[in-house]
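All remarks here apply to the structure that follows.
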Amino acid sequence: MEQGVAKPIMLAGSILVVPVLAFITSFLFWPGVLLKAYNWYWRRRLGLVVRYSHSGNYRFCYSSRGTPEGATPSILLLHGFSATKDMWLPVVKYLPKNQHLVCVDMPGHEGTSRTGAKDYSIQGQVDRIHQFVQSIGLDKRPFHLVGTSMGGNVAGVYAACYPTYLSSVTLMCPAGLVYPTDSEFISHLRELEKNPQLESIPLIPSTHQEMENMLRLCCYTPLNLPRQLMRGLLDNRMPNNTFYREVFMEIVGEESRHSLQEKLHLITSPLQVIWGKEDQVLDVSGASVLQTALPNCQVAILDECGHSVALERPRKAAKLIMDFLSVQEVNSEVTKKLS
């Protein structure tokens, strides 16, 4: 009898040991794989499904949740330089479960086609994002566009180029402006321009120390990640560093550097601006530039927050976005009644 009971217990124990050993082995030897598995698990928990859309020979990779028939507009989220659609997971966690969401990999990033420099300029990315919008039918009714950093630059220029497709826009710490105050990162870029021999770009780490420096630059609150997780982040980024350099040179080049600034006068959609007060990548003074150019925009400055708003203040960012959409819905109803 005891042996009969012992065998199932031993079998259950051995079944439990296998995933534990796999986890430990991955953590020690393949932390990058473990991070990807974690993102897969998190997407699954949040109800996000990874999909692909093709337009000619071009492939877009995106994750989505919900359907576009809801009361509020669909939300399309554009990530920043060298990130992926998964950077929005912390924010998605706090958005309503019935809200239709689409998080797309920007041109050349993660699962979206990698082509050439033309597609990596800000206007090139805008054109590709519009192609994506049409390919998944997001153009059937006006949607809300959210972009952060490089994605904020793209979102702003998209709003200027395709106003009729949008209900409203949220820009988080957007690139592409003329900032009254230089950030630590912009100051470093000016040094790079004076001395091209300095090859180190703070947002493209290739060593453990450079990875730590990048996280300190982007976040106000230190992350203090275990060394193995830092190694995993670096392992996942390193194979793409040549691509990241190509994109970086495009978005800081003359054609793209101030592309949002040059298009501000064309933005007519209701605009929300969210900025971390302690942003060391793109100075918070950019918020005043937007407010001066577009006086009706709604600005939220977040205390004790750096450039990575989606990572540091995801709950607050989600609330601000949904509150903004609610206000736009009320304004729309008032306008209908008055007309």
Side-chain angles (χ1 to χ4, degrees), residues 39-40 43-44 46-70 72-89 91-92 95 98-171 174 240 243 246-247 250-251 256 259-260 263 266-267 269 321 325:
N39 282 340
W40 173 86
R43 283 196 303 268
R44 190 176 176 86
L46 294 174
L48 285 165
V49 178
V50 173
R51 307 176 191 277
Y52 295 91
S53 173
H54 293 82
S55 182
N57 293 325
Y58 199 87
R59 184 184 78 171
F60 297 97
C61 179
Y62 66 103
S63 57
S64 65
R65 181 176 81 183
T67 57
E69 288 82 25
T72 55
S74 301
I75 300 178
L76 173 60
L77 300 109
L78 309 181
H79 65 73
F81 169 74
S82 77
T84 73
K85 60 188 174 300
D86 290 334
M87 70 146 282
W88 294 111
L89 291 175
V91 176
V92 170
L95 290 171
N98 62 348
Q99 173 64 52
H100 181 224
L101 305 170
V102 179
C103 309
V104 65
D105 285 325
M106 298 296 279
H109 291 71
E110 192 77 358
T112 293
S113 291
R114 192 167 288 184
T115 50
K118 183 182 176 183
D119 280 339
Y120 308 146
S121 68
I122 296 302
Q123 188 59 53
Q125 293 193 59
V126 167
D127 294 340
R128 284 298 187 187
I129 292 301
H130 189 56
Q131 188 179 1
F132 170 70
V133 164
Q134 294 176 309
S135 74
I136 66 167
L138 202 57
D139 57 340
K140 297 294 185 281
R141 68 169 186 161
F143 62 92
H144 180 71
L145 183 60
V146 180
T148 185
S149 196
M150 177 192 78
N153 193 352
V154 174
V157 175
Y158 186 97
C161 294
Y162 301 103
T164 58
Y165 291 84
L166 300 179
S167 60
S168 47
V169 187
T170 296
L171 304 182
N240 300 301
F243 161 71
E246 186 177 5
V247 176
E250 281 300 315
I251 62 178
S256 295
S259 50
L260 177 54
K263 295 281 199 305
L266 297 174
I267 297 178
S269 304
I321 291 169
L325 288 183

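None of the values given here were measured: they were computed from a predicted structure. Any value given below was found using the heavy atoms of this structure, including those in side chains, with hydrogens, waters and symmetry copies removed.
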Please enumerate all residues that pass side-chain contact (heavy atoms from CB on, under 4.5 Å) together with R59, with sequence neighbours excluded. Y52, H54, S113
Applying side-chain contact (heavy atoms from CB on, under 4.5 Å), name anything that partners N98, two or more places apart in sequence or on another chain. P96
Which residues pass the side-chain contact (heavy atoms from CB on, under 4.5 Å) test with S168, sequence neighbours left out? H144, P270, F324, L325, Q328
Output the distance between atom CG (L145) and atom CG (L77), rounded to the nearest 0.5 Å. 8.5 Å
Can you tell me if S64 and R51 form a side-chain donor-acceptor pair at under 3.5 Å? yes
Measure the shortest side-chain to side-chain distance between V146 and L78 over non-hydrogen atoms and say whether it is less than 4.5 angstrom. no
Given 3.5 Å as the limit, does a donor-acceptor pair link the side chain of R65 with the main chain of L48, or not? no
Give the minimum heavy-atom separation between S256 and I122, together with the two atoms involved. OG-N, 3.1 Å
Do I136 and V102 have side chains that approach each other closer than 4.5 Å (heavy atoms only, starting at C-beta)? yes
Looking at residues at least two apart in the chain, or sitting in another chain, which of them share a side-chain contact (heavy atoms from CB on, under 4.5 Å) with R141? none
Anything under 30° is parallel, anything over 60° is perpendicular, the rest tilted; go ahead and classify F243 against Y120. perpendicular
For the student: nearest non-hydrogen atoms of P73 and P142, plus distance: CB-O, 3.7 Å
Less than 4.5 Å apart, any side-chain heavy atom of L138 and any of P68? no
Please set out all donor-acceptor pairs under 3.5 angstrom arising from side-chain atoms of residues 156-163, sequence neighbours excluded.
unit_1	atom_1	unit_2	atom_2	d
Y158	OH	H130	ND1	2.8

Partners meeting ring-ring contact (aromatic ring centres under 6.0 Å, His included) with F143 (sequence neighbours left out): none
For L166 and V133: C-alpha separation, side-chain torsions, deciding distance, then whether side chain to side chain contact (heavy atoms under 4.5 Å, CB included) applies. CA-CA 11 Å; L166 300 179; V133 164; over 6 Å; no
Shortest non-hydrogen contact from N153 to S259? OD1-OG, 3.0 Å
Within residues 101-111 or reaching into it, pairs that qualify as salt bridge (Lys or Arg N to Asp or Glu O under 4.0 Å) - sequence neighbours excluded: K85-D105
With S149, which residues qualify under side chain to side chain donor-acceptor pair (under 3.5 Å), at least two apart? H307
Where do W40 and V50 land on the side chain to side chain contact (heavy atoms under 4.5 Å, CB included) test, with the steps shown first? CA-CA 9 Å; W40 173 86; V50 173; over 6 Å; no
Output all residues satisfying side chain to side chain donor-acceptor pair (under 3.5 Å) with Q99, sequence neighbours left out; order by chain, then residue number. T72
Set of residues satisfying side chain to side chain donor-acceptor pair (under 3.5 Å) with respect to Q131, sequence neighbours excluded: S55, R128
Non-hydrogen side-chain atoms of I129 and M106 separated by less than 4.5 Å: yes
Any donor-acceptor pair under 3.5 Å linking the side chain of H79 with the backbone of G151? no
Heavy-atom pair with the smallest gap, counting every atom of P107 and Q125: CD-OE1, 3.8 Å
Rounded distance (nearest 0.5 Å) linking atom CG of L76 with atom CG of L101: 10.0 Å
The side chain to side chain donor-acceptor pair (under 3.5 Å) partners of S74 (sequence neighbours excluded) come to H100
Looking at V126 and V154, what are the two nearest heavy atoms and their distance? CG2-O, 3.5 Å
By salt bridge (charged side-chain N to carboxylate O under 4.0 Å, His left out) - contacts of R43 (at least two apart): D86
Can a side-chain donor-acceptor contact be found between T67 and E69 if the only test is distance below 3.5 angstrom? yes
At what distance, to the nearest 0.5 angstrom, does OG of S63 lie from CG of L46? 9.5 Å
Can you tell if the side chain of M150 reaches within under 4.5 Å of the side chain of H109, non-hydrogen atoms only? yes
Looking only at heavy atoms, the pair that brings T112 and C61 closest together is OG1-N, 3.1 Å
